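Sequence lines set the chain letters: A, B, ... in the order given, protein chains first and strands last, and positions in each chain run from 1. A quick note: this is a predicted structure, and the numbers were derived from the prediction, not measured.
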Number of protein chains: 2
Amino acid sequence: MKDVATAAGVALKTVSRVVNEEPGVTPATARRVLAAIERLGYRRNESARLLRRGRTATIGLVIEDVGDPFYSGMGRAVEQVALAHGSLMFSGSSGEDPRRERDLVLAFCARRVDGLVIVPAGPDHGYLRPELDAGVAAVFADRPGGLDADTVLCANSAGAYAGVAHLLRRGHRRVAFLGDDPAIFTAAERLAGYRRALADAGLGADPSLVAMGPPERAGAALSAMLAGGDPPTAVFTGNSRITVAVLRAGHRPPLVAFDDFELADLLVPGVTVVAQDPMGLGRTAAELLFERIAGGRGPARRIELPTRLVPRGSGELPPAPGTAGPGHR
Amino acid sequence: MKDVATAAGVALKTVSRVVNEEPGVTPATARRVLAAIERLGYRRNESARLLRRGRTATIGLVIEDVGDPFYSGMGRAVEQVALAHGSLMFSGSSGEDPRRERDLVLAFCARRVDGLVIVPAGPDHGYLRPELDAGVAAVFADRPGGLDADTVLCANSAGAYAGVAHLLRRGHRRVAFLGDDPAIFTAAERLAGYRRALADAGLGADPSLVAMGPPERAGAALSAMLAGGDPPTAVFTGNSRITVAVLRAGHRPPLVAFDDFELADLLVPGVTVVAQDPMGLGRTAAELLFERIAGGRGPARRIELPTRLVPRGSGELPPAPGTAGPGHR
DNA sequence: CGCCCCGATGACAACGTTGTCGGCGAGGAG
DNA sequence: CTCCTCGCCGACAACGTTGTCATCGGGGCG
């Protein structure tokens, strides 16, 4: 900018005025400055500008895995909203590691991002407190953080309830639940929805029909259940990785899966899913964030986005005749 | 930092020394400073630091769609390499729009990123010239840019050749090619590989077996070919979106698809693919980039990553008896 | 004709760091 | 005892901007 000023024979400040389209510059002067800018290939140093102004027009996104379709869809939505607000987006993956999440968030804060969208990897966000007090905005997405900040969730419990109820309406009385580690918020919520659906249908909860754990064990868990004395007639899977694990293991039971996935419609039978809305999640979280960045006060909000049941065949199968012997109800 | 200095009763510079772990500070002083830092919850302003030092420890990633599994896998690999080099990553989607790509890149450059990994949306990157001259490093990934910079590609032509040859070995003589707009580099390359495979097998190129265009038209295009007088007995699809479009249209021809996709193994029959290596693409591109950022000189390099043929069933089907009447060869 | 006002421009400080250099005090050597 | 050296520390400028205020000149009005 100094060079431009020299080249155009004006003061630094005048160049600044031209670049920022501030009023009070003669068209003739402005033309001279613009010509010099063009000639020198000058581009304003945004970092310096933002250092001076105090706003960085940058947000940070911390998700579990940039490569996971669910989260990357979310990221895309966040990016779109950021774009609309003239902000750029840092992004990083926590890989479910709370320490890595913390490091990323702090690195973003050190860059003085205006705000953060975080998919919490761990339950404890005490490290965020000083940052929030320092004026950084933060929104938790997909799972609640350990802090009283705006939060956007999917209707995990209600969605699982709807999915299980869908199976019950088809006459199933023994529905297995295959979920992830219950330490994960969404897994626990979905399990709760499953239990509520059974209870509301007047069915007792049979612990032998519930298997919680890492997806790679889901296939074997289901095999064991099916080989047992009183097998399930239908299955509800708690997330896509588990769904895929079950399918890869060769099982094609009557099935409703939580979370939609690419090509679910092309399998035979098509997989009935309780679809979440990753783009909606990202969009909503980013919108809340920018409200806060714009100065929005008030108590933390908690928004639950509805899920949508998408029947595709696997969830509409009746109990296989003979699988559930008489005497069950 | 000023506050910390005051609180600890030392000069600004001493705090800076402590924060940067520079030598020449008495342990006692350092302790006092660290205590003050802790008490005030001070965190170094990275932007200001980097403004002074000239390096931002930041790279920019411009891909076609953050939400596309192929590109987001690539992004994850880039992120990992960036992390290993202590850098953060801006990311943005161009959505195949050259103008948006340009805006993103220039926004990143205005933030003075050290380098860029770009999946080119358009053929012209003249706008990058001044930035490169200004010292920004850039690597093109997946497609070449219109500029002499490091480039990492998949073996598009060789991969397509291998996929088509695979079908020819099974006895197919009329293989259709369904590809994307030939203005897209990868589409054109794959078409070339297809043609080369046919030629090397002594088969003439039948234009009626080639359909290039947007994925949403691929299903109809194949339907038309199959309804024609001399239909193909096998199909080669040029990318995953086209593959999925064909499958959604209900076709299950003998098929080899360029680019792997989630659940390809679970369809019936499993889809034989020519798998690319998105993580390898991202990793390699990022590694080249950081070499340049570290000062690596020398001419632009062009690396082609090999593809891998993954047989899953659909590509091993023989010609359906009767589809290719006698008289063809 | 003189004064005042206003529009255009410029000088300077500040944002939060780090690089450079100089001062100051202690300890060792002559 | 004096001088030199060396280790610790601080003052100041600089990075590239923008905000604040001063300056300068011209035109309108009394």
Any residue meeting ring-ring contact (aromatic ring centres under 6.0 Å, His included) with B:Phe70, in chain and number order, not counting sequence neighbours: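 Not a single residue meets the ring-ring contact (aromatic ring centres under 6.0 Å, His included) criterion with B:Phe70.
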Can you check the [X] [atom1] to [N] [atom2] distance for me, whole Å?
X        : N      : atom1 : atom2 : result
B:Leu51  : C:dG16 : CG    : P     : 12 Å
A:Leu12  : C:dG10 : CG    : P     : 10 Å
B:Arg111 : D:dG16 : CZ    : C1'   : 15 Å

Side chains of residues 283-293 of chain A: which donor-acceptor pairs under 3.5 Å do they make with residues two or more places apart or in other chains?
| unit_1 | atom_1 | unit_2 | atom_2 | d |
| --- | --- | --- | --- | --- |
| A:Thr284 | OG1 | A:Gly280 | O | 2.6 |
| A:Glu291 | OE1 | A:Arg301 | NH1 | 2.7 |
| A:Arg292 | NE | A:Asp150 | OD2 | 2.7 |
| A:Arg292 | NH1 | A:Gly296 | O | 3.3 |
| A:Arg292 | NH1 | A:Arg297 | O | 2.9 |
| A:Arg292 | NH1 | A:Gly298 | O | 3.0 |
| A:Arg292 | NH2 | A:Asp150 | OD1 | 3.0 |
| A:Arg292 | NH2 | A:Asp150 | OD2 | 3.4 |
| A:Arg292 | NH2 | A:Gly298 | O | 3.4 |
| A:Arg292 | NH2 | A:Pro299 | O | 2.9 |

Between A:Glu304 and A:Arg302, does any NZ, NE, NH1 or NH2 come within less than 4.0 Å of an OD or OE carboxylate oxygen?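 Salt bridge between A:Arg302 and A:Glu304, a charged N being under 4.0 Å from a carboxylate O: no.
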Tell me which of A:Arg112 and A:Gly9 sits closer to the 5' end of DNA chain C, going by the nucleotide each one is nearest to.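 Taking each residue's closest nucleotide, the earlier one in sequence belongs to A:Gly9.
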Can a donor-acceptor pair be found, under 3.5 Å and without considering hydrogens, that links the side chain of B:Asn20 to the backbone of B:Glu22?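 It does not hold such a pair.
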Treating B:Thr151 as the side-chain partner and B:Phe140 as the backbone partner, does any N or O pair qualify as donor plus acceptor under 3.5 Å?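 No, the answer is negative, given that no donor and acceptor are paired below the 3.5 Å cut-off.
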For D:dT17, take OP1 and OP2 only and decide whether either is under 4.0 Å from a side-chain N or O of A:Arg53.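 No, no such contact exists.
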Scan residues 87-114 of chain B for pairs that pass salt bridge (charged side-chain N to carboxylate O under 4.0 Å, His left out), counting only residues two or more places apart or in two chains.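 Every pair satisfying salt bridge (charged side-chain N to carboxylate O under 4.0 Å, His left out) with a residue in residues 87-114 of chain B: A:Glu79-B:Arg100, B:Glu96-B:Arg143.
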Near DNA chain D, counting only heavy atoms under 4.0 Å, which residues of residues 36-50 of chain A show up?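 When residues 36-50 of chain A is checked for heavy atoms under 4.0 Å from DNA chain D, the hits, listed by number, are A:Tyr42, A:Arg43, A:Arg44, A:Asn45, A:Ala48, A:Arg49.
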Of residues 13-32 of chain B, the positions that come close to DNA chain D - non-hydrogen atoms, cut-off under 4.0 Å: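 The stretch gives B:Lys13, B:Thr14, B:Arg17, B:Gly24, B:Val25, B:Thr26, B:Thr29 as the residues lying under 4.0 Å from the strand, ordered by number.
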For B:Phe90 and A:Thr58, what are the C-alpha separation, side-chain angles and deciding distance, and is it a side chain to side chain contact (heavy atoms under 4.5 Å, CB included)? CA-CA 9 Å; B:Phe90 279 120; A:Thr58 303; 3.8 Å; yes
What pairs meet the side-chain hydrogen bond (donor to acceptor under 3.5 Å, both in side chains) rule with one or both residues in residues 3-14 of chain A, with sequence neighbours excluded?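 The answer is none; no pair qualifies.
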